[in-house]
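Worksheet for the structure shown next.
Chain A is the first sequence line, chain B the second, and so forth, proteins listed ahead of strands; every chain is numbered from 1.
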Amino acid sequence: MDRVPVEVIGNILSHLGAARDVVIASATCKKWREACHRHLHMLSFNSDDWPVFRDLTTSRLEILITQTIFQTKGLQGLSILMDDVDEFSASAVIAWLMYTRETLRCLFYNVRTTPNVNILDVCGRQKLELLVLAHNSITGVEPNYQRFPFLTSLSLSYVSISSLDLNLLLTACPMIEFLGLVSPEIAITDAQVTVELSSHTLKKVYVEAISLDKFTLEADNLEKLHLKDCALELFEFSGKGTLKHFKMDDVSILHLDIVEPVDGLEIVDVSNFTIIWSKFYQIISKSSKLRRLRLWNVVFDDEIEFVDLESIALCFPDLSYLALSYDLRDDLKEGILHYSLQGSSPMENVSVLDLGWTVLDEHFADWVACLLRRCPNLKKLIIRGVVSESKTHVECHMLASFTSSIVQLMRKYLHVDVQFVYE
Amino acid sequence: MLFCLFQQVEEEVVMFCPMICREVLQTGIGSSKNYAIKLPQRVNPAVLGLILDYCRLHQVRGRSNKERKTFDEKFIRLDTKKLCELTSGADSLQLRPFVDLTSRTLARMIVGKTPEEIRDTFHLSDDLTEEEKLEPLRNRTDDPRIRLLNRLYARKRRIESKRNIKDCRD
């Protein structure tokens, strides 16, 4: 231990993260104390780390954080995630940020500040590469003055910002690759709530819990787009065919407008979504390299009421993972089973089938059988089911007969590995 | 095959270390026994052996992430002294992922222990004075920013107390 240089010890102690552990480590010997003071690069104050945090008053907590931060030099990562604290005073927060901003590369902060601190003002034009901000407001962005030349990842949760400022913020980050927005409070400037984002460098976008009249996204290099729990009247996306991964979960979009044809898609994951199948199919059908497709709890708002397996088989020869859920409306059952399984083109490359039900009935096993027939090279079958807490006699009987059918069915496919996931 | 510390080592394995890679490319050392790669002081033969094992597994492209993770988990089951030597050696060779792996392991061994327990585990000398031990959060007043903050806090306290006195009187 004697021959280990103090910088290496500083690096080891930086992996501790939690401020309390760091302080304890600094109380062991002179060398470790020096390591904590001069060579520590990561410090984290998380309300989960130490139960005593919850018992301290806010001002005592502020003093504790200030004293700990001010003992370090050259901090590169600072994380203050205190869920139980209502708000920190602006003077303390400004002190922490100004003390560390020259070397800070990543910042996690989720506590309200009173009065509001413009984090962008304090941290702009420095070395920040990752910013995760929550429960704060961003009032006024000036791209000429506030620039984040190294910021690659920006995540805003429960942040109040105007839509103009959001777009200006993106332009102030010339290297940005990831943008995450969770439940932002978009200030309404006119009657419509619109957000227009454009960036040439964005690679991944994640949007959760947002409700807008219009959302326009212009990103020439976007590779991954993930929308969750959103209600958008109009969603316009324009790119240059770089999109690889498209995921939508519990989203409702009245008008979906994708300007450039997306022909490079590799993963499409849609769940809990009402779509117009023909329009959606038109969008994804040119991606002949699609590897993974998941359509879960999808309601088809069209004359075509079901997933057309034949066109999937023909359009996506490279598909290796297919996930479908069995949801049939009562009035359409028999017909659907027949039509959706029409055609016989095999899906040669599918090695994993992920099939599930929300309401089990006697035809589910047949549907599984038909799909199995179509995948000659299948290696794994996953069956997901929803089992209600109060099981009626009919439900138990249904589950039992399904189990017997599956056992019989899988005797023909001994090489396929079956996994059951019930919730 | 390259020559390194009186041993012959496979080229691809050694080139996995950025520092060695640079030196070999820039100066061409390692080509013969007399012109062997000189390693930093912190890398002794035992440490070198372990580092080479790590490089050997990780530089092979075919291995899956799961395989690498399992290898890593088995690899780090060493005593603290060895781990510290490894961290130090890997740091001098600038093998970042390896340094992070060993540092994380060592950090896990530190979490939850009292200072005495940490000193025992890592054989550290007990060279802090009693006063230093009791006050880990010393108020460093030699930093001008801290002095400014202290003044601001003092001013804030004075204003608060004046306001309190005024309220009491009313």
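For the atom pair B/Leu106 CG and A/Ile9 CD1, the distance stands at 10.0 Å (nearest 0.5 Å). The distance from atom CD1 of A/Ile12 to atom OG1 of B/Thr87, rounded to the nearest 0.5 Å, is 4.5 Å. To the nearest 0.5 Å, the span separating NE2 on A/His15 from CG on B/Asp100 amounts to 4.0 Å.
Interface residue A/Leu13: only side-chain heavy atoms are found under 4.5 Å from chain B.
Counted within 6.0 Å of CE on A/Met175, heavy atoms from surrounding residues, nucleotides or ligands total 12 or fewer; the atom is thus considered open. For CZ of A/Arg112, the number of neighbouring non-hydrogen atoms (other residues, nucleotides, ligands) closer than 6.0 Å is 12 at most. With a 6.0 Å radius and a threshold of 12 heavy atoms from other residues, nucleotides or ligands, A/Lys30 has its NZ atom above the threshold. By the 6.0 Å contact criterion, NZ on A/Lys204 is open, its count of non-hydrogen atoms from other residues, nucleotides or ligands being 12 or less.
For the pair B/Ile118 and A/Ala25, the tightest heavy-atom approach, listed with the atom from each and the gap, is CD1-CA, 4.4 Å. Here the shortest heavy-atom pairing between A/Pro5 and B/Ser88 reads CD-OG, 3.5 Å. Summarising the geometry of A/Ala27 relative to B/Pro115, their closest heavy-atom pair is O-CB, 3.8 Å, with the distance given to 0.1 Å. Minimum interatomic distance between A/Leu16 and B/Ala107 (heavy atoms only, all atoms of both residues): CD2-O, 3.4 Å.
A/Thr28 pairs with exactly one of B/Glu116, B/Glu117, B/Arg119 by the side-chain contact (heavy atoms from CB on, under 4.5 Å) rule, that one being B/Arg119.
The shortest side-chain heavy-atom distance between A/Trp32 and B/Ile110 falls under the 4.5 Å cut-off.
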Show me, pair by pair, the donor-acceptor contacts under 3.5 angstrom made by side chains of residues 51-58 of chain A, not counting sequence neighbours?
residue: A/Arg54; atom: NH1; partner: A/Asp84; partner atom: OD2; Å: 2.4
residue: A/Arg54; atom: NH2; partner: A/Ser47; partner atom: O; Å: 3.2
residue: A/Thr57; atom: OG1; partner: A/Arg60; partner atom: N; Å: 3.3

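Remark: the backbone N or O of B/Val111 is not paired with any side-chain donor or acceptor of A/Asp21 at under 3.5 angstrom.
Applying the side chain to side chain donor-acceptor pair (under 3.5 Å) criterion to A/Thr114, with sequence neighbours excluded, gives A/Glu87.
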